[in-house]
Amino acid sequence: MTLTKANTTASQVETLAQLYLEGKPAEISDETISQICDWLMGEFHQLPVNLQFSDYMRYDNALEMFADIELQQLWVSADSYDSSVYPNPIYGFIFQGMHDYDHYLTKSDFSLKGEIAAYNFTAKRVPSLEIQKILYSEIVLRSAAYLYLGHSPDPKIVFP
């Protein structure tokens, strides 16, 4: 997935990116980690597409990804789910697949506006505010940092 700056102002991107880049890594309880992993596994079992692992495959735009989803498959790039939150990389893989499918369901692109739309759709399903905050960091803030820097920032979870 390649993020785009469409429909956002530079100041929105910069403000959110700075929250991510300058934020201290959050401390997340073992209970919350267990809760997000359980929730992600439940989400995985509901996905109607076949997630495909790839070391290299990345979608250049949302329409490309949507076309694959229409074929009941979704490539998930290994470099897209390098979060330090999860005790096992499979949860990051599931998170990325679930998040990309939420882009499909909301018909949202990879701009900041699209990431916010996908986040809002996901946030309605999570079991706790703590998980909403983790997802906000992973989806909205990290995406803003990517757009601001032009490349993926070091992964972390921040609670601004």
Side-chain angles (χ1 to χ4, degrees), residues 1-8 12-13 16-17 20-21 25 28 32-127 131-158:
M1 157 176 75
T2 303
L3 295 172
T4 62
K5 289 187 181 182
N7 299 320
T8 60
Q12 289 174 312
V13 170
L16 293 170
Y20 185 85
L21 296 169
I28 302 168
T32 299
I33 291 171
S34 178
Q35 189 180 42
I36 195 171
C37 289
D38 289 346
W39 176 75
L40 282 168
M41 191 56 71
E43 290 288 306
F44 174 68
H45 290 297
Q46 295 178 42
L47 280 175
V49 296
N50 184 21
L51 299 182
Q52 302 286 324
F53 171 83
S54 174
D55 280 327
Y56 309 105
M57 178 64 183
R58 291 185 63 88
Y59 294 106
D60 288 327
N61 59 60
L63 293 178
E64 219 178 71
M65 184 178 73
F66 296 168
D68 266 0
I69 291 172
E70 293 289 330
L71 298 172
Q72 303 299 308
Q73 71 177 13
L74 176 61
W75 289 102
V76 179
S77 176
D79 64 357
S80 295
Y81 54 89
D82 49 1
S83 174
S84 59
V85 172
Y86 310 112
N88 183 315
I90 190 68
Y91 294 104
F93 174 78
I94 293 168
F95 165 75
Q96 190 61 50
M98 179 265 324
H99 174 65
D100 286 348
Y101 193 71
D102 283 353
H103 272 286
Y104 173 74
L105 293 175
T106 59
K107 301 297 183 224
S108 57
D109 62 12
F110 303 144
S111 67
L112 183 59
K113 182 178 178 181
E115 294 298 336
I116 291 170
Y119 164 77
N120 286 332
F121 185 76
T122 306
K124 294 174 186 174
R125 301 193 311 268
V126 300
I131 293 174
Q132 284 181 349
K133 291 174 11 182
I134 291 168
L135 296 179
Y136 186 78
S137 179
E138 283 197 290
I139 297 170
V140 176
L141 298 180
R142 188 168 181 217
S143 295
Y146 178 97
L147 291 168
Y148 180 73
L149 297 171
H151 60 82
S152 288
D154 291 335
K156 63 182 175 178
I157 301 298
V158 298

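In this text, all values refer to a predicted model and were calculated from it rather than measured experimentally.
In this structure, the side chains of I90 and F44 stay at 4.5 Å or more apart for every pair of heavy atoms. W39 places a side-chain heavy atom less than 4.5 Å from the side chain of M98. V49 is not listed as a side-chain neighbour of D100, based on a closest heavy-atom distance of 4.5 Å or more. Side-chain contact between Y119 and I116 is absent, with no heavy atoms from C-beta onward closer than 4.5 Å. With contacts defined as side-chain heavy-atom distances shorter than 4.5 Å, the pair Y148/P153 does not qualify. Within the 4.5 Å cutoff, no side-chain heavy atoms of S108 are placed close to those of K113. Looking at heavy atoms from C-beta onward, Y136 lies in side-chain contact with L16 at the 4.5 angstrom threshold.
In this structure, D154 places its CG atom where only 12 or fewer heavy-atom neighbours from other residues, nucleotides or ligands lie under 6.0 Å away.
When atom types are taken as modelled, the side chain of K156 and the backbone of Y20 share a donor-acceptor pair closer than 3.5 angstrom. Between the S143 side chain and the L112 main chain, no donor and acceptor come within less than 3.5 Å of each other.
The closest side-chain donor-acceptor pair between Y104 and E70 falls under 3.5 angstrom. A donor-acceptor contact under 3.5 angstrom links the side chains of D68 and Y59, judged on distance only.
When the options D102, L135, I131 are evaluated for a side chain to side chain contact (heavy atoms under 4.5 Å, CB included) with R125, the one that passes is D102.
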